[in-house]
Amino acid sequence: MTAQIIDGKAFAATVRGKVAEHVTRLKADHGITPGLAVVLVGEDPASQVYVRSKGKMTVEVGMNSYEHKLPAETSEAELLALIDQLNTDPAVHGILVQLPLPGHLNEDLVINSIDPAKDVDGFHISNVGLLATGQKAMVPCTPLGCLMMLRDYHGSLSGLNAVVIGRSNIVGKPMAQLLLRDSCTVTIAHSRTRDIEEVVRRADIVVAAVGRPEMVKGGWIKPGATIIDVGINRIDAPEKGEGKTRLVGDCDFASCAEVAGAITPVPGGVGPMTIACLLANTLTACSRANGLAEPEGLTA
Ligand code: GUN
């Protein structure tokens, strides 16, 4: 292996430490405690794990955590009424509605009912538009975490060729916007892209966010390129024993690490940065709501 490992777990701990310092100062100097409300509808097991982890880390950095667990049968009107209440609650600076929602609820309608200033996921159409036009927005957590790691490793990203694989609203599209804002030449590749290997081979920066286990091979990678692997895929691991599984990214780690200059591992790469950036966004939202300076190095 030749690539340097970008340790997202350690980086995320540093980000959470910075957030905690700011929270201590907000409390001491202004008597303000940032608050994050997380709304979970239904009993999806993966979502329950995420929400528990978010709540725990929110408290660990000194913020208030408000968890709203609603039954799967919750009506759209009931959910919208809760969001309305959180929108007007001055103790709540960030609102996150855990996705996916049960099928009878309109996700776009629900997300767009959140006050954009409290939309710490950055999914509201106002924030999407603000980001796309280079204005001050709430930026989606996963792409923000990727950007922080890239800036830390490269310093300036200006002029670099970046290929984002995947065109989702949560990762691919906002990632491309952020890289463009940092003056990369950006290509978005996806399932219909022709000669995708050739496209990826031109990249100084590869961000893989397709949700296909180990799709990107070392032969696709330009020597020395930086790889940010957003994928978290659980696959069978018969080598570990009957019925065992393991987590892998969208990149084939072994072959990619032979060629790349730097790479994020799975697990321990992008994953921990997502929650750290959620906390950073909550701090940013709280600072803006109170007319205070934004935390340096924790925003896009
Ligand atoms: N479900 C999986 N990832 C996310 C995320 O980043 N935000 C929300 N709200 N739901 C998710």
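As the structure is a prediction and not an experimental result, all values here were calculated from the model. One-based numbering, in listed order, for ligands and for the atoms of each.
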Residues Leu179, Leu150; criterion side-chain contact (heavy atoms from CB on, under 4.5 Å); working and verdict: CA-CA 10 Å; Leu179 291 166; Leu150 285 168; 3.9 Å; yes
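Salt bridge annotation for Glu242-Lys244: absent, with no cationic side-chain nitrogen under 4.0 angstrom from a carboxylate oxygen.
Enclosure of atom CG in Asp29 by more than 12 non-hydrogen atoms of other residues, nucleotides or ligands within 6.0 angstrom is indicated.
Side-chain N or O atoms of Asp152 include none that pairs as donor or acceptor with a backbone N or O of Met148 at under 3.5 Å. Listed for the Asp250 side chain is a donor-acceptor partner under 3.5 Å among the backbone atoms of Arg212.
When each of Cys146, Cys141, Pro143 is tested with Thr274 by the rule side chain to side chain contact (heavy atoms under 4.5 Å, CB included), just one qualifies, namely Cys141.
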Where does ligand 1 get N/O contacts under 3.5 Å from the protein, atom by atom?
{"from": "ligand 1", "atom 1": "1 (N)", "to": "Gln98", "atom 2": "NE2", "distance (Å)": "3.1"}
{"from": "ligand 1", "atom 1": "1 (N)", "to": "Leu99", "atom 2": "O", "distance (Å)": "2.8"}
{"from": "ligand 1", "atom 1": "7 (N)", "to": "Asp121", "atom 2": "OD1", "distance (Å)": "3.1"}
{"from": "ligand 1", "atom 1": "7 (N)", "to": "Asp121", "atom 2": "OD2", "distance (Å)": "3.3"}
{"from": "ligand 1", "atom 1": "9 (N)", "to": "Val97", "atom 2": "O", "distance (Å)": "2.8"}
{"from": "ligand 1", "atom 1": "9 (N)", "to": "Asp121", "atom 2": "OD2", "distance (Å)": "2.6"}
{"from": "ligand 1", "atom 1": "10 (N)", "to": "Leu99", "atom 2": "N", "distance (Å)": "3.0"}

